[in-house]
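Data block below; observations after.
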Amino acid sequence: MSENSQFRFGAATGVGSMPGGDAREAAKTVTGTFEDFPFLPELPARGPGADMIGRTAGMLVELYARVEPSGWRLGDRPGRDTKRARSWLGEDLDALEEFTQEYEGPLKVQAVGPWTLAANLELRNGEAALSDAGACRDLAASLAEGLRQHLAELRRRIPGAQLVLQLDEPSLTAVLRGQVKSASGYRTHRAVDRQVVEQTLRDLVGVHTSGPVVVHSCASDVPFALIRRAGAAAVSFDFSLLTERDDEAIGEAVEGGTRLFTGVVPSAEGPLSDPAGSVMGVRTLWRRLGLSPGLLAEAVTVTPACGLAGVSPGYARTALAHCARAARSLADNPE
C-alpha cells in the first residue's frame with residue numbers, strides 16, 4: 001500500500017513482546033492502553049514457540065522447524081515445537097478477539113521478516129539459511145504464504161480492524177554488512193546483495209494488499225532508504241540509536257510520506273521522564289531538519305524503544321501508558 005495518506009495510524013502503540021504468559025491479561029492491557037491502535041501481544045516467556053523466531057516459524061507453509069540446542073532448525077515435518085507455536089498463536093488470537101469486539105480502526109500484528117528469519121533459522125547442516133540463496137528464496141515464499149493466511153484469519157476474527165503488518169528485521173543491517181556469524185562462530189556469512197535484500201522485502205510487503213506494512217529494527221544503522229524503496233509505509237526504530245548521519249534519510253522519509261514509529265520510551269526497566277521529556281528528542285530532530293511542527297502528529301507514532309519481554313508486568317503497563325501520554329504531548333505541543 002503506497003499511499004500513507006489513505007490510512008490513519010494511531011498516535012502510539014507497542015512494539016510486540018510483553019512479559020509474562022497470560023494472553024488474556026496482555027490483550028486486556030494492550031487494548032485498554034491503546035484504544036485507537038492496539039497490537040497483538042507476543043509472550044516469549046512461555047518458552048520455545050512463543051519466541052519471535054519460533055512464532056513466525058510456526059506460520060510457515062510447507063516448511064517446518066524444531067528446537068535444537070543451537071536454536072531453531074528446519075526439518076521435514078511438523079513436530080511438537082511447530083504445534084506448540086501454532087497453539088500459542090491461536091491462544092493469543094482468541095484473547096485479542098475477545099477484547100476487540102466491535103473494534104474499528106488500525107490494529108498491528110507482527111512477524112519476523114525474511115532476512116532476520118534467514119539469519120536465525122538453521123538448515124539441516126546447522127548453518128543459517130542465510131548461507132544458501134535457494135533456501136532464502138524458499139523461506140521467503142513460505143513466509144509470504146503463511147502471512148497471507150495469518151492476515152486472512154485476523155480479518156475473519158476482527159472484521160472491523162484495519163490491519164497493519166509489522167515485519168521485525170533486527171538482523172537486517174548485519175545481513176547487509178556480512179556480520180551474521182557462522183555456526184562455528186569463527187567466520188561470518190557473506191553480505192547479501194542490497195538489491196536482493198530489497199526485492200525480497202518488497203515481495204513480502206506486497207503480501208499485505210489491504211493495508212500498510214511497518215518494518216521494525218531496534219538495531220543501530222537502520223537502512224531507512226532501502227526499507228522505503230521496498231514499499232514499507234513506516235519504519236519502527238529505537239530513537240536513542242539515531243545519529244546525525246541518519247538526518248538526511250529521516251528528512252527524506254518524512255517528506256516522502258513515510259511514517260516514523262519512534263521508540264522513545266525505554267524498553268529496559270528504570271525511571272521514566274515526564275511524557276513531554278520523552279518526546280523532546282523528536283521535537284529537536286524536527287527543528288534540526290527544518291520540518292514543519294504541524295507534520296509531527298501526521299508523521300510520528302510513539303512506541304517503546306523495543307519489545308518489553310524482559311521487564312516486569314508493572315513496568316510494561318507503565319511504559320505503554322507513558323507512550324500514549326507522550327503522543328498526546330507531541331500532538332498538543334508540537335513546537
Side-chain angles (χ1 to χ4, degrees), residues 15-17 51-57 59-60 63 65 68 70-74 110-144 146-147 165-208 213-232 234-238 241-243 245-246 249-250 253 258 261 263 305-307:
V15 170
S17 66
D51 61 299
M52 62 188 277
I53 298 299
R55 185 180 183 86
T56 301
M59 293 181 197
L60 296 174
L63 282 180
E68 297 285 342
S70 53
W72 283 90
R73 184 171 295 183
L74 291 165
Q110 306 81 219
V112 176
W115 293 108
T116 296
L117 206 56
N120 288 277
L121 268 182
E122 297 173 0
L123 301 172
R124 289 178 184 79
N125 64 5
E127 287 296 350
L130 189 67
S131 64
D132 181 319
C136 289
R137 285 192 295 274
D138 291 346
L139 197 53
S142 173
L143 176 60
L147 287 176
L165 172 62
Q166 176 178 303
L167 295 175
D168 291 320
E169 282 284 16
S171 301
L172 187 58
T173 302
V175 167
L176 288 164
R177 292 185 174 176
Q179 293 171 340
V180 176
K181 282 191 161 56
S182 65
S184 68
Y186 293 122
R187 59 182 187 83
T188 55
H189 295 293
R190 274 208 314 255
V192 181
D193 181 272
R194 293 184 80 86
Q195 288 180 310
V196 173
V197 170
E198 185 182 319
Q199 184 58 54
T200 304
L201 262 183
R202 185 180 294 114
D203 291 344
L204 265 293
V205 168
V207 164
H208 189 27
V213 175
V214 186
V215 174
H216 165 74
S217 172
C218 44
S220 53
D221 294 322
V222 175
F224 288 95
L226 183 149
I227 291 169
R228 289 182 59 225
R229 287 196 305 272
V235 186
S236 168
F237 56 95
D238 180 343
L241 298 179
L242 282 188
T243 69
R245 283 201 313 272
D246 298 306
I250 294 273
T258 303
F261 282 46
C306 208

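The model shown is predicted, which means the values in this text are computed figures rather than measured ones.
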*Between Thr200 and Cys136, is a side-chain contact (heavy atoms from CB on, under 4.5 Å) present by the stated rule, with each step listed?*
CA-CA 9 Å; Thr200 304; Cys136 289; over 6 Å; no
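- Residues passing the side-chain contact (heavy atoms from CB on, under 4.5 Å) test with Ala141: none are found, sequence neighbours excluded.
- Scanning for side-chain contact (heavy atoms from CB on, under 4.5 Å) contacts around Gln179 gives Ala174, Arg177, with sequence neighbours left out.
- For the atom pair CG of Leu130 and CG of Leu123, the computed distance is 9.5 Å after rounding to the nearest 0.5 Å.
- Checked against side chain to side chain donor-acceptor pair (under 3.5 Å), Ser236 has the following partners two or more places apart in sequence or in another chain: His216.
- For the side chain to side chain donor-acceptor pair (under 3.5 Å) test, no residue two or more places apart in sequence or in another chain qualifies with Thr243.
- Of all non-hydrogen atoms in Ala118 and Ala128, the two that sit nearest each other are O-CB, 3.6 Å.
- Remark: Arg194 engages no residue in a salt bridge (charged side-chain N to carboxylate O under 4.0 Å, His left out) (not counting sequence neighbours).
- For Glu122, the salt bridge (charged side-chain N to carboxylate O under 4.0 Å, His left out) partners at least two apart in sequence or on another chain are Arg73.
- Annotation for Leu147 and Ala111: closest pair CD2-CB, 3.6 Å, computed over non-hydrogen atoms.
- Between Leu167 and the choices Val112, Val213, Ile227, the side chain to side chain contact (heavy atoms under 4.5 Å, CB included) rule is met once, by Val213.
- Residues passing the side-chain contact (heavy atoms from CB on, under 4.5 Å) test with Arg190, sequence neighbours excluded: none.
- Summarising the geometry, atom CG belonging to Leu139 is positioned 9.5 Å from atom CH2 belonging to Trp115; distances are rounded to the nearest 0.5 Å.
- Listed by first then second residue, pairs satisfying side-chain hydrogen bond (donor to acceptor under 3.5 Å, both in side chains) with a partner in residues 133-142 number zero, not counting sequence neighbours.
- Judged purely by atom type and a 3.5 angstrom limit, Arg202 uses its side chain to pair as donor or acceptor with the backbone of Arg229.
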**OP:** Begin from the C-alpha positions of Thr258 and Phe224 and carry the test side-chain contact (heavy atoms from CB on, under 4.5 Å) through to its verdict.
**Re:** CA-CA 10 Å; Thr258 303; Phe224 288 95; over 6 Å; no
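- Annotation: side-chain contact (heavy atoms from CB on, under 4.5 Å) contacts of Leu241 (sequence neighbours excluded): Ser220, Asp238.
- When atom types are taken as modelled, the side chain of Ser171 and the backbone of Ala119 share no donor-acceptor pair closer than 3.5 angstrom.
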(request) Assess whether side-chain contact (heavy atoms from CB on, under 4.5 Å) is satisfied between Leu63 and Leu121, documenting all intermediate values. (result) CA-CA 11 Å; Leu63 282 180; Leu121 268 182; over 6 Å; no
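- Sorted by first then second residue, the salt bridge (Lys or Arg N to Asp or Glu O under 4.0 Å) pairs that include residues 179-189, not counting sequence neighbours, are Glu127-Arg187.
- The minimum heavy-atom distance linking Pro114 with Ala140 is given by the pair CB-CB, 4.3 Å.
- Contacts of Thr116 classified as side chain to side chain donor-acceptor pair (under 3.5 Å), with partners at least two apart in sequence or in another chain: Glu169.
- The two residues Leu143 and Gly113 make their nearest non-hydrogen contact at CD2-C, 4.0 Å.
- The nearest pair of heavy atoms linking Val15 to Gln110 is O-CG, 3.4 Å.
- A search for salt bridge (charged side-chain N to carboxylate O under 4.0 Å, His left out) contacts involving Asp193 returns nothing, not counting sequence neighbours.
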> What do the steps show when you test Val180 against Asn120 for side-chain contact (heavy atoms from CB on, under 4.5 Å), and what is the final call?
Replying inline: CA-CA 9 Å; Val180 176; Asn120 288 277; over 6 Å; no
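- Here the closest heavy-atom approach between residue Ser217 and residue Pro170 is recorded as OG-CA, 3.7 Å.
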